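Right, one structure below, let's go through it.
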2 protein chains.
Amino acid sequence: MTRKSNGDAGGRSTIRDVAARAGVSASTVSRVLGGEYPVSTATRTRVMRAVRELDYVADARAKAIAGVGTPTLAFVLDDITGPSFAHMAHGVEREATRLGHLCLVCSTDGDTDHELEFIETMRAQRAAAVILVGGAADTAEYRARMSRIADSLASAGSRLVLCGRPPLDPGTPVTVIEYDNESGAYALCAHLLAQGHRRVLFLGGKPENTTAQGRERGYLAAHRAHGVDPDPKLRLSADFTRDAGHRLMRQALSQGLEFTAVMASTDMVAAGALTALHEAGLSVPDDVSLAGYDDIPFARDLYPALTTVHVPYEELGRLAVRTALSRTPDTPDEHLLLGTHVVVRGSVAAVGEAAGR
Amino acid sequence: MTRKSNGDAGGRSTIRDVAARAGVSASTVSRVLGGEYPVSTATRTRVMRAVRELDYVADARAKAIAGVGTPTLAFVLDDITGPSFAHMAHGVEREATRLGHLCLVCSTDGDTDHELEFIETMRAQRAAAVILVGGAADTAEYRARMSRIADSLASAGSRLVLCGRPPLDPGTPVTVIEYDNESGAYALCAHLLAQGHRRVLFLGGKPENTTAQGRERGYLAAHRAHGVDPDPKLRLSADFTRDAGHRLMRQALSQGLEFTAVMASTDMVAAGALTALHEAGLSVPDDVSLAGYDDIPFARDLYPALTTVHVPYEELGRLAVRTALSRTPDTPDEHLLLGTHVVVRGSVAAVGEAAGR
DNA sequence: TCCGTCGTAGGAACCGGTTGCCATGGGTGT
DNA sequence: ACACCCATGGCAACCGGTTCCTACGACGGA
């Protein structure tokens with residue numbers, strides 16, 4: 001008997017067990033399973049039978065270490081529960097499997113330490129690429145940390161991809177894919193202003209979050225372009241959740257803020273705000289117009305259907321994977337900026353007879 | 001110089017590179033990094049410096065094969081985009097990392113072959129557990145396939161977990177966690193009937209899907225319990241998507257079906273149906289009552305807020321991980337059934353003055 | 001001063017695969 | 001009938017770690 005015989009089923013069997021059962025060497029089993037090497041039909045049959053009887057599957061980790069593994073790719077996000085990121089995860093996952101990669105998903109719940117830890121784990125796993133998604137605070141500390149990670153991954157033959165995150169200093173080995181928050185918000189806000197609205201309430205995200213900042217910049221730029229001076233009191237912020245939108249809107253109403261339209265920084269925020277408006281007995285868009293951002297599927301089913309900005313999240317995920325994996329060592333660092341477009345539905349009306357509250 | 005020297009950064013470095021740089025043997029490096037073994041302070045310092053200079057991280061695959069790896073756990077679902085499954089994925093992911101496991105996520109888009117392939121890959125990865133989620137067709141072929149997978153995983157020291165899927169024959173090494181679709185649907189439908197509704201339109205999922213079947217059974221059972229004979233014409237089915245709900249409802253309206261309430265098999269379906277009702281100029285709940293199932297966060301933001309059945313998806317995911325990982329070889333096979341409860345919101349009213357269409 | 005012991009570090013086997021290189025044996029051409 | 005060639009399969013090294021076992025040096029005690 002071999003050093004560790006393994007009769008039949010029960011306990012993972014090794015390639016040596018298969019070899020013993022088939023009466024051949026381990027190399028032969030490997031070659032039969034590998035495919036290319038010429039093996040006689042009789043031997044192949046015996047080996048395959050042994051494989052079947054033992055229900056043998058080669059250990060992927062061992063294969064990986066020997067250099068013939070399934071490559072892996074990591075996807076790190078704040079919270080898989082958010083519809084927009086979920087769509088992105090879907091795109092990533094689809095494209096990864098299409099390209100024969102495994103896909104590790106991790107949500108960090110916004111915890112920076114957890115994120116760091118996870119990236120380190122991914123480096124240990126020798127992931128082909130690490131995709132980070134979602135806005136973050138663009139601090140010096142952030143840049144330093146990310147640069148270190150980028151270098152670290154690059155030197156290990158991997159690649160850092162930032163999606164919708166603040167880009168790093170030029171020269172850092174990183175792929176950046178952004179969707180144009182500012183332009184999208186600009187276009188959306190311009191649409192509101194074109195409808196005659198002059199007091200547009202902005203419901204933002206975390207002030208330090210670059211996605212939130214970009215959308216707020218678009219809001220401000222549109223006002224300037226239309227010669228409207230935006231009232232700072234009309235800019236509220238919390239985070240990108242439905243509850244934040246609900247809370248902020250209740251607060252705005254109870255404070256007696258005057259506005260004829262609301263621009264939420266997220267469809268989720270818009271959903272919460274919409275409910276708060278309904279609860280206050282206000283009609284959308286007759287009393288107040290409302291717009292969101294992201295164009296999540298549910299935006300169509302709000303009542304009234306939500307005017308919003310479409311962001312191609314799934315395509316974004318696909319793109320992130322594709323650009324990261326199709327790299328050759330001398331590919332220049334890419335920085336892609338994806339466009340967005342306004343989707344007009346029923347939640348915005350011209351400021352007309354009923355002039356808001 | 002060693003067989004493959006690796007001066008400093010650039011190209012992943014091995015433990016031998018670190019050892020060479022620190023002037024010690026690989027075993028010593030391993031021990032310094034491992035922690036427990038006594039190493040002199042001077043040596044430890046030198047090794048740690050070399051590790052830092054080379055930015056070394058031990059290869060997780062190699063560690064795994066040597067028996068000291070981070071355990072991994074796989075989560076397979078139809079589509080991460082669906083809000084309910086996304087919440088479950090979140091629960092799984094959180095609990096997995098809490099227990100120090102890595103979490104592989106794969107969506108199969110309902111493709112059985114793809115699912116099979118992925119499970120095989122997971123077995124090759126020596127995943128500690130494979131969690132399958134989402135209803136499926138309960139055919140003889142399904143049972144045979146799943147039993148084989150369960151045995152196969154069990155014999156490799158792994159574990160199959162079915163979440164919201166048809167259970168297998170007793171004796172199969174599998175953990176089953178179900179949420180009680182029939183009871184939930186029963187309670188919900190009873191609520192509708194108690195409000196005086198007698199013609200309740202049921203918008204189902206795929207007829208072969210066990211989740212859809214369970215909810216339909218609850219619908220029927222509630223009718224029987226209330227002495228109401230359900231009209232078969234009032235049972236439509238497609239799938240669990242928002243678009244299906246929208247389409248089915250349009251169809252029902254154009255066919256002139258008579259009903260005073262709608263019970264959708266999913267909140268997503270309900271959302272689509274609600275929009276179709278609005279488009280037809282019908283008011284909910286004044287003209288028609290509407291109820292969903294799943295209690296996704298958005299259910300509150302539909303207008304009117306959706307009466308639905310709450311399913312603890314995140315908790316379900318946590319539970320799946322916990323029961324799967326806390327197993328000892330002689331733990332009996334578990335079969336958990338989680339309860340649900342009806343959440344009453346504004347989309348259902350007593351059948352009153354306005355008697356539907 | 002000599003010996004025993006403890007602390008420390010290295011050598012080598014092993015984890016489960018892959019693959020380069022070589023030996024063997026049967027078949028074929030002349 | 002002899003030589004040659006090619007098909008086939010085994011040995012051993014290697015991938016990047018861990019860990020058992022052993023050797024060596026320093027120290028303390030007798």
Side-chain angles (χ1 to χ4, degrees), chain A residues 2-6 11-48 50-51 54-71 121 123-126 156-157, chain B residues 2-6 11-48 50-51 54-71 121 123-126 156-157:
Chain A
T2 49
R3 125 192 78 89
K4 182 174 155 193
S5 88
N6 212 328
R12 57 219 90 197
S13 39
T14 76
I15 197 170
R16 275 168 271 269
D17 297 323
V18 177
R21 188 174 191 106
V24 296
S25 74
S27 349
T28 303
V29 175
S30 175
R31 290 201 263 253
V32 169
L33 265 36
E36 294 317 299
Y37 201 87
V39 176
S40 74
T41 313
T43 309
R44 156 164 289 120
T45 308
R46 287 216 314 288
V47 170
M48 291 312 284
V51 166
L54 260 45
D55 199 18
Y56 169 77
V57 178
D59 189 317
R61 290 106 34 111
K63 298 186 75 142
I65 182 186
V68 284
T70 306
T121 306
R123 194 153 76 92
Q125 292 283 345
R126 302 298 188 254
Chain B
T2 50
R3 123 191 81 86
K4 180 175 154 192
S5 87
N6 213 329
R12 57 219 90 198
S13 41
T14 75
I15 196 170
R16 274 168 272 268
D17 298 324
V18 176
R21 188 174 191 105
V24 297
S25 75
S27 345
T28 303
V29 175
S30 175
R31 291 201 266 252
V32 168
L33 264 38
E36 294 316 301
Y37 202 87
V39 176
S40 75
T41 312
T43 308
R44 156 166 289 120
T45 307
R46 287 216 314 288
V47 169
M48 290 313 283
V51 166
L54 260 44
D55 199 18
Y56 169 78
V57 178
D59 189 318
R61 289 106 36 111
K63 297 188 74 142
I65 187 187
V68 285
T70 306
T121 305
R123 194 153 75 91
Q125 292 283 345
R126 303 297 188 255

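Just so it is clear, the structure is predicted and the values come from calculations on it, not from any experiment. Residue numbering restarts at 1 for every chain, and letters A, B, ... go by the order of the sequence lines. All values below were derived from every heavy atom in this structure, side-chain atoms included, with hydrogens, water molecules and symmetry-related copies excluded.
Protein atom CG of A/D59 is 14 Å distant from nucleotide atom C1' of C/dC14, rounded to whole Å. Residue B/R46 contributes atom CZ, which lies 14 Å from atom P of C/dT8 at whole-angstrom precision. Straight-line distance from the CG atom of A/L33 to the P atom of D/dG9: 14 Å, rounded to whole Å. Put simply, CD1 on B/I65 is 5 Å from C1' on C/dC15, counting in whole angstrom units. Taking atom CD1 of B/I15 as the reference point, atom P of D/dC14 lies 18 Å away to the nearest angstrom. Atom C1' of nucleotide D/dG16 and atom CD of A/Q125 are separated by 14 Å, given to the nearest angstrom.
Under 3.5 Å, the side chain of B/T14 and the base of D/dC15 form no donor-acceptor pair of N or O atoms. The base of D/dA7 does not come close enough to the side chain of A/Y37 for any donor and acceptor atom to sit less than 3.5 Å apart. Looking at A/R31, its side chain comes within 3.5 Å of the base of C/dG20 through a donor and an acceptor atom. Applying the 3.5 Å distance criterion, the base of D/dG16 shares a donor-acceptor pair with the side chain of B/R16.
Side-chain atoms of A/D59 and B/Q125, non-hydrogen and from C-beta on, never get closer than 4.5 Å to each other. Within the 4.5 Å cutoff, side-chain heavy atoms of B/I15 are placed close to those of B/Y56.
The phosphate of C/dG17 (OP1 or OP2) has a side-chain N or O of B/R126 nearer than 4.0 angstrom. For the OP1/OP2 pair of D/dG16 and a distance below 4.0 Å, the side-chain nitrogens and oxygens of B/K63 include no atom meeting the criterion. In this structure, A/T28 reaches the D/dG10 phosphate: one of its side-chain N or O atoms is under 4.0 Å from OP1 or OP2. A close approach under 4.0 Å does not occur between any side-chain nitrogen or oxygen of A/S40 and OP1 or OP2 of D/dT8.
Checking side-chain atoms of B/S30 against main-chain N and O of B/A26 turns up no donor-acceptor pair under 3.5 Å.
You'll find that the side chain of A/A66 is closest to C/dG17, out of C/dA12, C/dG17, C/dT8.
Of the two residues near DNA chain C, A/V29 and B/A62, the one whose nearest nucleotide lies more 5' is B/A62.
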Item to complete: Under the side chain to side chain contact (heavy atoms under 4.5 Å, CB included) rule, what do B/T43 and B/R31 come out as? Steps first, then yes or no, please.
Response: CA-CA 11 Å; B/T43 308; B/R31 291 201 266 252; over 6 Å; no
Discussion item. Pair A/V47, A/R21 - check side chain to side chain contact (heavy atoms under 4.5 Å, CB included), show working.
Written reply: CA-CA 8 Å; A/V47 170; A/R21 188 174 191 106; over 6 Å; no
